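As a basis for the values below, the full set of heavy atoms in this structure was taken, side chains included, without hydrogen atoms, waters or symmetry mates. These numbers come from a predicted model, not from an experiment.
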Amino acid sequence: MEPGIIETGLVVGFYSYVCLFWNQNFVEETRHFKILGCSICLMLLMSLHQIVPVIGRKAAEKTGTSSQETGTSSQDNVYRSRSDPGLWCSLLIPMALTTNLLRQPDVNSGPVILAYIIVVLVLVRFNPSAVTQITCAGLLYWFREDFMSKDRPEQVVLVCLCVVVYHLLGRIPRAFPRSFTEGELAVCLQIVFIPLYPIVVIACQALQRGVSIISLPTSLSIALMAFTGVLVGTLFVSVIRVNSGGMRFAVSYGLAFMCDLVPLSIKLYGTPLLAYREVTHYLTGSRDRVNLILWWGFLVLVSLFITMVIQNKTTSSGSTRLRKVFHVLILGVYVPGLVTDASLLFAASWVALGCLVIGETVRLLQVPPLGSLLHRCYSVFLSSQDTGRLVLTPLYLLCGFSLPLWIHTFQWCDFSNMLPLFAGVLSVGIGDTMASVVGSAIGKHKVLGGQKTVEGTVASIISQLVFLYILDLILFGGAIHPQWLVVTGIVTVTSLLEASTSQIDNHVLPLFMYNLLLTLKS
């Protein structure tokens, strides 16, 4: 049995389990029935797109037909080779948003609708057959009433963002070939455009109504400035054409500062000086927060020291166990952050993501003097899946740990149920790290013909369960104990997915586990 068959079985089972949970808890009383129906139909489509290629490959193996002859060769070689399309990944964020929306039906459904439209656009791009286009058009028609009920500015924003997403689905893979699979690209676009949607809508409404000050919590304000500043800077980098990489970088982010951060600071705080006083007061508001920031600063220094030492001693790509050092370091950031101050961690994670994006831009443009240094440092920690121009493993690692917290905060969820927020910590920080270390050290038996080992998968499951047991005693007061059997099943299924998927696990495992943990009783 090949890993692709295991992955397909897990994905189809995952879809079925979530559908069963929705049916048992929300179908009779929800007013978001159309979103629920569209989601289930898209799950059926994704299941077919996952199952049919597996059947095709098995048939080709029996007849000796090559992938080129069966039409399964990669589209113009722009997507990462040795990986299946991973279209199922594109439903992970929409499904999580849907579960949270069903729990809190008064939350704005616009971002959820946009998330499903992105999935539809991905399907049409990947399989532009008449059947797919007609089916997807029917699914979009379901949202007609929801779309017409929105204000005109919101309608315009939604249409414009969908047009941009469809354009980027074709443009990005050709600009950065073999950096993504189709599913990973869809998740990346969802991470950018789902939070961008309410930001643009609120900005349009503020301009229309003449609102001078927009009041937001400080943590959201910091995250907003980091997100929009880097996004606008990256946009300028993509459109400005200057021979010098350093000049292109400086002009792009200089314009981003003047065109985005200064006006945004005026709208948020009434001053163009980025409200240093308010931010400083927020960061130093309590002793626990100051201690947390000092601890994070120490871990940053440790990571920089380790990177420089390894970079000076190593000339080739580092081993898997070497890369897992940073999993342990980021565990030191997120575990105390989630336990002590989740709002500060939310703001800090967006700032960290902005720094990583800027660092990758500096590396790509070879901005002196840091461009060549960053390229050497990154090369030590490249994984076998970093085959394109972009080095995405660090970004995916940060996003994997942060996405449960981002989604939870984005939809104003109840933070009394903290367990789903540890999905990234469990699946990537604990499970994936132990699987890699144990598997590479003593692993001898492959998981059904794949690259991962049975020993590593068992170590992943046991380590996650031990961590959950300790977490339950210290943080949750035994609340997990009555559901221990279900939690064990969730951990086991996620570990099996890690052993069988060809997608970047830092990216998909946290979202997969987050969806499953949302089905537990609070």
Check: Between atom CE of Met247 and atom OG of Ser252, what is the distance when rounded to the nearest 0.5 Å?
Finding: 11.0 Å
Next item on the list: Without swapping roles, check the side chain of Asn100 against the backbone of His408 for a donor-acceptor pair under 3.5 Å.
Entry: no
Check: Within a strict 4.5 Å, meaning less than it, do heavy atoms of the Trp406 and Pro195 side chains meet?
Finding: no
Margin query: I'd like to check Phe346 versus Ile222 (side-chain heavy atoms, cut-off strictly below 4.5 Å). Are they in contact?
Written below: no
Checklist line | Residue of the set Leu344, Leu345, Val339 for which side chain to side chain contact (heavy atoms under 4.5 Å, CB included) holds with Asp341 | finding: Leu344
Next item on the list: Mind checking the CZ-CZ spacing from Arg80 to Phe176? Nearest 0.5 Å is all I need.
Entry: 15.5 Å
Checklist line | Nearest atoms (heavy-atom pairs only) where Arg289 meets Leu283 | finding: CG-O, 3.4 Å
Next item on the list: Return the minimal non-hydrogen interatomic distance between Val428 and Pro510, and the atom names on each side.
Entry: CG2-CG, 3.5 Å
Notebook entry, point to check: For the atom pair CZ (Phe422) and CG (Leu468), what is the distance rounded to the nearest 0.5 Å?
Noted result: 9.5 Å
Item checked: Gap separating the CD1 atom of Ile504 from the CD atom of Glu184, nearest 0.5 angstrom -> 4.5 Å
Notebook entry, point to check: Do Gln503 and Thr181 have a side chain donor and acceptor closer than 3.5 Å?
Noted result: yes
Notebook entry, point to check: So, Ser90 side chain and Val187 main chain: donor-acceptor pair closer than 3.5 Å or not?
Noted result: no
Next item on the list: Check Ala352 against Leu398 and note the closest heavy-atom contact, atom names and distance.
Entry: C-CD2, 3.7 Å
Next item on the list: Specify whether Tyr396 and His507 have parallel, tilted or perpendicular ring planes, treating 30° as the upper limit for parallel and 60° as the lower limit for perpendicular.
Entry: parallel
Next item on the list: Could you check if a side-chain atom of Val491 sits within less than 4.5 angstrom of a side-chain atom of Leu426, using non-hydrogen atoms only?
Entry: no
Margin query: Any non-hydrogen side-chain atom of Leu10 less than 4.5 Å from a side-chain atom of Ser500?
Written below: yes
Note to self: When you measure from the side chain of Arg248 to the backbone of Ile240, do you find a donor-acceptor pair of N or O atoms at a distance under 3.5 Å?
What the structure shows: yes
Item checked: Side chains of Cys136 and Val124 in contact at under 4.5 Å (non-hydrogen atoms) -> yes
Checklist line | Minimum heavy-atom distance between Val508 and Cys89, given as atom pair plus value | finding: CG1-SG, 3.4 Å
Margin query: Is the shortest side-chain heavy-atom distance between Glu360 and Pro394 below 4.5 Å?
Written below: no
Note to self: Let me confirm one number: the OG-OH distance from Ser402 to Tyr334, rounded to the nearest 0.5 Å.
What the structure shows: 2.5 Å
Next item on the list: Could you please spell out the steps behind the side-chain contact (heavy atoms from CB on, under 4.5 Å) verdict for Ile172 and Leu189?
Entry: CA-CA 10 Å; Ile172 291 178; Leu189 290 176; 4.1 Å; yes
Notebook entry, point to check: Short question: side chain of Gln50, backbone of Leu87 - any donor-acceptor pair under 3.5 Å?
Noted result: no
Margin query: How long is the straight-line distance from CD1 of Ile191 back to CG of Leu511, given to the nearest 0.5 Å?
Written below: 7.0 Å
Check: Can you say whether the rings of Tyr253 and Phe249 are parallel (under 30°), tilted (30 to 60°) or perpendicular (over 60°)?
Finding: tilted
Checklist line | Whether Arg241 side chain and Ser238 backbone form a donor-acceptor pair below 3.5 Å | finding: yes
Checklist line | Pairwise side-chain contact, Pro85 with Tyr79, heavy-atom cut-off 4.5 Å (strictly under) | finding: no
Notebook entry, point to check: Do you know which two heavy atoms are closest between Ser179 and Leu390, and how far apart they sit?
Noted result: OG-N, 3.5 Å
Notebook entry, point to check: With no hydrogens and no angle check, is any side-chain donor or acceptor of Ser265 less than 3.5 Å from a backbone partner on Leu261?
Noted result: no
Item checked: Non-hydrogen side-chain atoms of Leu516 and Phe14 separated by less than 4.5 Å -> yes
Margin query: The test is side-chain contact (heavy atoms from CB on, under 4.5 Å); show your working for Leu123 and His49 and say whether it passes.
Written below: CA-CA 9 Å; Leu123 273 174; His49 279 83; 3.7 Å; yes
Margin query: Tell me whether Ser440 contacts the main-chain N or O of Val437 through its side chain, where contact means a donor paired with an acceptor under 3.5 Å.
Written below: yes
Notebook entry, point to check: Between Ser495 and Ser460, does a side-chain hydrogen bond (donor to acceptor under 3.5 Å, both in side chains) hold up when you go through it step by step?
Noted result: CA-CA 7 Å; Ser495 299; Ser460 171; 3.1 Å; yes
Item checked: Stepwise side-chain contact (heavy atoms from CB on, under 4.5 Å) test for Lys267 and Leu224 -> CA-CA 12 Å; Lys267 279 293 183 183; Leu224 178 60; over 6 Å; no
Check: Sub-3.5 Å donor-acceptor pair from the side chain of Thr501 to the main-chain atoms of Leu497, do we have one?
Finding: no
Item checked: Where Leu419 and Leu517 come nearest, the two heavy atoms and their spacing -> O-CD1, 3.7 Å
Check: Under 3.5 Å, is there a donor-acceptor pair linking the side chains of Ser427 and Tyr514?
Finding: no
Item checked: Under 3.5 Å donor-acceptor, Trp88 side chain and Met46 backbone -> no
Notebook entry, point to check: Going by the angle between their ring planes, with limits at 30° and 60°, are His327 and Phe401 parallel, tilted or perpendicular?
Noted result: perpendicular
Next item on the list: Could you tell me whether a side-chain N or O of Asp260 sits under 3.5 Å from a main-chain N or O of Ala256, the two making a donor and an acceptor?
Entry: no
Note to self: Using the rule given for side-chain contact (heavy atoms from CB on, under 4.5 Å), can you reason through Leu97 versus Tyr116, listing the C-alpha separation, both sets of side-chain angles and the distance that settles it, and then say yes or no?
What the structure shows: CA-CA 10 Å; Leu97 294 175; Tyr116 282 115; over 6 Å; no
